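Down below is the structure, laid out as structure tokens.
A quick note: this is a predicted structure, and the numbers were derived from the prediction, not measured.
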Amino acid sequence: MVHVQTHYSEQEAQSIVRTLARALAYCHKKGIVHRDLKPENILLSTADETTQVIKIADMGFARTVRPDGMETSCGTPSYVAPEILRGERYGNTVDMWSLGVISFILLCGYAPFAASNQAKLFRAICRGTFRFASPYWDTISAGAKDLISKLLVVDPAERFTADQVLAHPWVAHRANASNFMLSGVLKQLRRYNTRRRQVIKRGFLVKRVRG
């Protein structure tokens, strides 16, 4: 019988973030940037959530980072980094922004940046202003919030790297994560996914397979 998980702890969210950071650290050391990291591209090896292995999928936009950076507009609206939206050259730091968004969603069930259409969403992302709203974040540890605050940094030069994520106390030390069960997250995720689909239908982000 397949076990279906209805809620999970901050420690389990922490484990997912750690695994993703390890995978990104490996790719980045090889000079590869994913460019479209999002929950839909995070797969489980089995349907049984008690024995799952996390894998990053869909490397269609993955490329080797050029010495002078990259400039192709690609990604998914809610997870795209500010430097891509600003039309700047970028590197593997765009993956770290996406990891910050994913980490935020894992812990509370909604995205740090939201709007009624893509134009407003992109302006919110470029501003980079977000908050840990009550009551969703009341039981989340200070360490988790600190890590997210170091990933969702508009300036890519100041944003945490994958190695810095792995060295961060919240990721490196399991005991620092809260044991509170995040029972409201699944309901929030369902609401978020509904809103996200509506925003995507109202706009577009250019996706190309070159460069």
Side-chain angles (χ1 to χ4, degrees), residues 11-46 49 51-107 111-113 125-126 128 143-144 146-174 177 196 205-211:
Q11 286 189 354
E12 290 171 300
Q14 178 195 51
S15 179
I16 294 172
V17 174
R18 182 188 299 112
T19 301
L20 293 175
R22 285 173 176 167
L24 289 176
Y26 176 84
C27 289
H28 293 174
K29 283 181 173 62
K30 298 290 185 180
I32 297 171
V33 57
H34 187 282
R35 300 200 298 180
D36 195 24
L37 195 65
K38 55 186 176 181
E40 294 90 329
N41 289 338
I42 301 171
L43 305 182
L44 305 179
S45 59
T46 69
E49 296 185 19
T51 59
Q52 62 194 16
V53 175
I54 299 168
K55 299 182 179 182
I56 296 178
D58 192 357
M59 304 294 285
F61 295 119
R63 290 291 184 275
T64 300
V65 180
R66 295 191 296 267
D68 60 342
M70 314 182 79
E71 59 183 356
T72 301
S73 296
C74 64
T76 299
S78 296
Y79 308 93
V80 67
E83 54 266 37
I84 292 180
L85 297 178
R86 293 193 298 259
E88 300 171 356
R89 290 190 174 276
Y90 61 87
N92 55 32
T93 52
V94 299
D95 287 344
M96 304 315 298
W97 176 275
S98 300
L99 179 61
V101 175
I102 291 170
S103 302
F104 191 102
I105 293 171
L106 283 173
L107 289 164
F113 310 103
I125 291 171
C126 288
D146 181 70
L147 176 64
I148 289 171
S149 296
K150 287 178 168 61
L151 286 168
L152 296 181
V153 177
V154 172
D155 183 353
E158 300 296 325
R159 194 176 304 152
F160 255 25
T161 65
D163 284 339
Q164 287 176 308
V165 170
L166 291 171
H168 188 276
W170 186 75
V171 173
H173 306 296
R174 184 178 297 273
R196 182 179 61 84
L205 175 66
V206 175
K207 286 189 170 187
R208 302 172 185 165
V209 296
R210 301 188 304 274

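The shortest heavy-atom contact between A162 and A21 is CB-O, 3.7 Å. In terms of heavy atoms, A144 sits closest to L107 at CB-CD1, 3.8 Å. In plain terms, the two heavy atoms of L151 and S103 that are nearest each other are CD1-OG, 4.5 Å. A pairwise comparison of heavy atoms in V154 and G128 identifies CG2-CA, 3.6 Å as the closest pair. Annotation for I125 and A81: closest pair CG2-C, 4.4 Å, computed over non-hydrogen atoms.
In summary, the side chains of H28 and D163 do not present any donor paired with an acceptor at a separation below 3.5 Å, with no hydrogens or angles considered.
To the nearest 0.5 angstrom, E83 atom CD is 8.5 Å from D155 atom CG. Rounding to the nearest 0.5 Å places CE of M96 at 13.5 Å from NZ of K150. Distance check, rounded to the nearest 0.5 Å: OG1 of T76 to CZ of F61 gives 7.5 Å. The structure places CD of Q11 at 12.5 Å from CD1 of I16, a figure rounded to the nearest 0.5 Å. Taking CG of D36 as the start and CG of D95 as the end, the distance is 9.5 Å to the nearest 0.5 Å.
Contact check for W97 versus I84: no side-chain heavy atoms found under the 4.5 Å cut-off. A heavy-atom distance below 4.5 Å is found between the side chains of L37 and L24. Side-chain atoms of P82 and R159, non-hydrogen and from C-beta on, do get closer than 4.5 Å to each other. Looking only at side-chain heavy atoms (C-beta outward), P39 and I102 come within less than 4.5 Å of each other. H168 places none of its side-chain heavy atoms less than 4.5 Å from the side chain of L166. The shortest distance between side-chain heavy atoms of T72 and R63 does not fall below 4.5 Å. Side-chain contact check for M70 versus R35: some heavy-atom pair is nearer than 4.5 Å. Residues K38 and S78 are not in side-chain contact: their nearest non-hydrogen atoms beyond the backbone lie 4.5 Å or more apart.
For the pair T161 (side chain) and Q164 (backbone), a donor-acceptor distance under 3.5 Å is present. Side chain of S98 to main chain of V94: a donor-acceptor pair is present (N/O by atom type, distance under 3.5 Å, no hydrogens or angles).
Of the listed residues (W170, F160, F104), just one forms a side chain to side chain contact (heavy atoms under 4.5 Å, CB included) with I148, and that residue is F104.
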- Yes or no on side-chain contact (heavy atoms from CB on, under 4.5 Å) for R22 and L20, after CA distance, side-chain angles and deciding distance? CA-CA 5 Å; R22 285 173 176 167; L20 293 175; over 6 Å; no
